[in-house]
Colleague: 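Submitted below is the structure of interest, expressed as structure tokens.
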Amino acid sequence: MDKRVYLCLAHMSGREQDFIREAFDTNWVVPLGPNVNAFEEELGAFLGGGKRVVALSAGTAAIHLGLVLLGVGPGDEVICQSFTFCASANPAVYLGATPVFVDSEPRSWNMDPELLEEAIRDRIARRGRKPKAIIPVHLYGMPADIDAICRVAERYGIPVLEDAAEALGSEFEGRKCGTFGALGALSFNGNKMITTSGGGALIVPDDETRRRAMFFATQAREPFPYYQHEQIGYNYRMSNICAGIGRGQMTVLDAHIAHHRRVHARYAAAFAGVPGITLADNPDSRWNSNFWLCTILVDPAVSGTTCEELRLRLDAEGVETRPLWKPMHLQPVYAGNPCYVNGTAERLFGRGLCLPAGPMVTDGDVDRIAACIRACVKSPVA
Ligand SMILES: *Cc1c(COP(=O)(O)O)cnc(C)c1O
């Protein structure tokens, strides 16, 4: 029996232990230090555009802190992409605000810019005030139509917080995801493009915003000799040990991205001409996904199979797959929230499957997975 194949396992460069050992040798075993500073510098250089980076304990913390910086509070509304992981939306609730969900457009599977504008107008008409922030997501690494989203946001003067947790290295029109909005969030959880064992980062435009983010990430302590607090802060900084893992991972980030793209190309070749199986791909040349996870849509009427049948068959073959994210507007916990829906996210959820694409996935794994899926496809139903 072959080894089990997972969606996206962590993969170490071999350098991580050196940076961790250095932290121990110099007694920087705290949530600040040389590894944290260097990791932030390296991420900033990777992202480009003069962006600054604040390393944090999680991607969820980055989104939470981003909303704090945008002044989100009780009674506010935050527009959030519905087709996503819960961590895009939950931080709004932490702050007493209400997520308002907007559905996706079918090309990128991310926030529909036209529906976004409709939602903004309707919220203003109903409430007499604007939503406080907009959270588009670059889901599975596929960039949202971020230019169009930012244009709508600008027209109404609402800041954009990009959830780029899955999209480290993805680009739209040659620019890195996470650098378009007022703020951007990254995740280094164990299954993302790179890992710090657990961690995240907030992408900010300048040193002043960076200073404010650091202030709220370290308990909002005022500059007094004693501990003086005038605002509520958080304990969200990244440990110098975790940042050591991050520095090691930065040495293989480009290789990881290239690997995910190579895996995607191999799936594309394997599924070419297979009826009813559609691999998600960049909509046009402006898009350049990192293909964090490769995803397929299964049309039962054409393929004679379903994504659930494929999931069970692949599981029996020792391959981990996963249904696409269940949209937030269909989650029981968000049942009462306002939502602007066009049916796209719900349709994707019912028809899609995530396939393994991580750095441990070999060409042989891809061939085996594709062969298993092809074997499930029956002659088209008349
Ligand atoms: C992973 C993820 C997050 C949260 O990141 P953590 O580091 O796990 O807190 C947020 N949004 C999306 C879309 C994610 O996939």
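When a residue number appears, it is its place in the shown sequence, counting from 1. Model, not experiment: these values are computed from the prediction. When a ligand or atom number is given, it counts from 1 through the structure's own listing order.
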Colleague: When you check the side-chain N and O atoms of N189 and S187, is any donor under 3.5 Å from an acceptor?
Modeller: no

Colleague: Using heavy atoms and a 4.0 Å limit, tell me yes or no: is A62 in contact with ligand 1?
Modeller: no

Colleague: Run the salt-bridge test on D207 and R210 with the 4.0 Å N-O cut-off and return the result as yes or no.
Modeller: no

Colleague: Inspect the contact between E308 and R311 and indicate whether a charged nitrogen and a carboxylate oxygen are less than 4.0 angstrom apart.
Modeller: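 Salt bridge present between R311 and E308.
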
Colleague: I'd like to know if D367 pairs up with R266 as an ion pair, taking the criterion as any Lys NZ or Arg NE/NH1/NH2 lying under 4.0 Å from an Asp or Glu carboxylate oxygen.
Modeller: yes

Colleague: Taking all non-hydrogen atoms of both residues into account, name the closest pair between L7 and C354 and its distance.
Modeller: CD2-O, 3.5 Å

Colleague: Any carboxylate oxygen within less than 4.0 angstrom of a Lys/Arg side-chain nitrogen, looking at K176 and E162?
Modeller: no

Colleague: Where is the nearest protein heavy atom to atom 11 (N) of ligand 1: which residue, which atom, and how far?
Modeller: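 In this structure, atom 11 (N) of ligand 1 has D163 OD2, 2.7 Å as its nearest protein heavy atom.
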
Colleague: Just which atoms of ligand 1 are under 4.0 Å from any heavy atom in G199?
Modeller: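 This gives 7 (O) as the contact atoms.
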
Colleague: Any nitrogen or oxygen of K192, side chain or backbone, less than 3.5 Å from one on ligand 1?
Modeller: yes

Colleague: What are the atoms of ligand 1, with element, lying closer than 4.0 Å to any heavy atom of S88?
Modeller: 11 (N), 13 (C)

Colleague: G200: heavy atom below 4.0 Å from ligand 1, yes or no?
Modeller: no

Colleague: Is there at least one pair of N or O atoms, one from T84 and one from ligand 1, spaced under 3.5 Å apart?
Modeller: no

Colleague: Is there a polar contact between ligand 1 and V137, counting only N or O atoms under 3.5 Å apart?
Modeller: no

Colleague: I'd like to check which ligand 1 atoms, numbered from 1 as shown, lie under 4.0 Å from a non-hydrogen atom of A165.
Modeller: 2 (C), 3 (C), 10 (C), 11 (N), 12 (C), 14 (C)

Colleague: Just jot down the ligand 1 atoms closer than 4.0 angstrom to any heavy atom of G59, in number order.
Modeller: 5 (O), 6 (P), 7 (O), 9 (O)

Colleague: Is R121 salt-bridged to E117, cutoff N-O under 4.0 Å?
Modeller: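 Looking at E117 together with R121, the answer is yes, because their closest N to O distance falls below 4.0 Å.
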
Colleague: Using a 4.0 Å heavy-atom cut-off, say whether T60 meets ligand 1 through its side chain, its backbone, both or neither.
Modeller: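 It is both backbone and side chain that touch ligand 1.
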
Colleague: Can you list the atoms of ligand 1 that are under 4.0 Å from a heavy atom of S187?
Modeller: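 Selected atoms, number and element: 1 (C), 5 (O), 6 (P), 7 (O), 8 (O).
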
Colleague: If you measure from the Lys or Arg side-chain nitrogens to the Asp or Glu carboxylate oxygens, is any gap between R237 and E40 under 4.0 Å?
Modeller: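 Looking at R237 and E40, the cut-off is met.
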
Colleague: Using a strict 4.0 Å cut-off to heavy atoms of A87, name the atoms of ligand 1 that fall inside it.
Modeller: 3 (C), 4 (C), 10 (C)

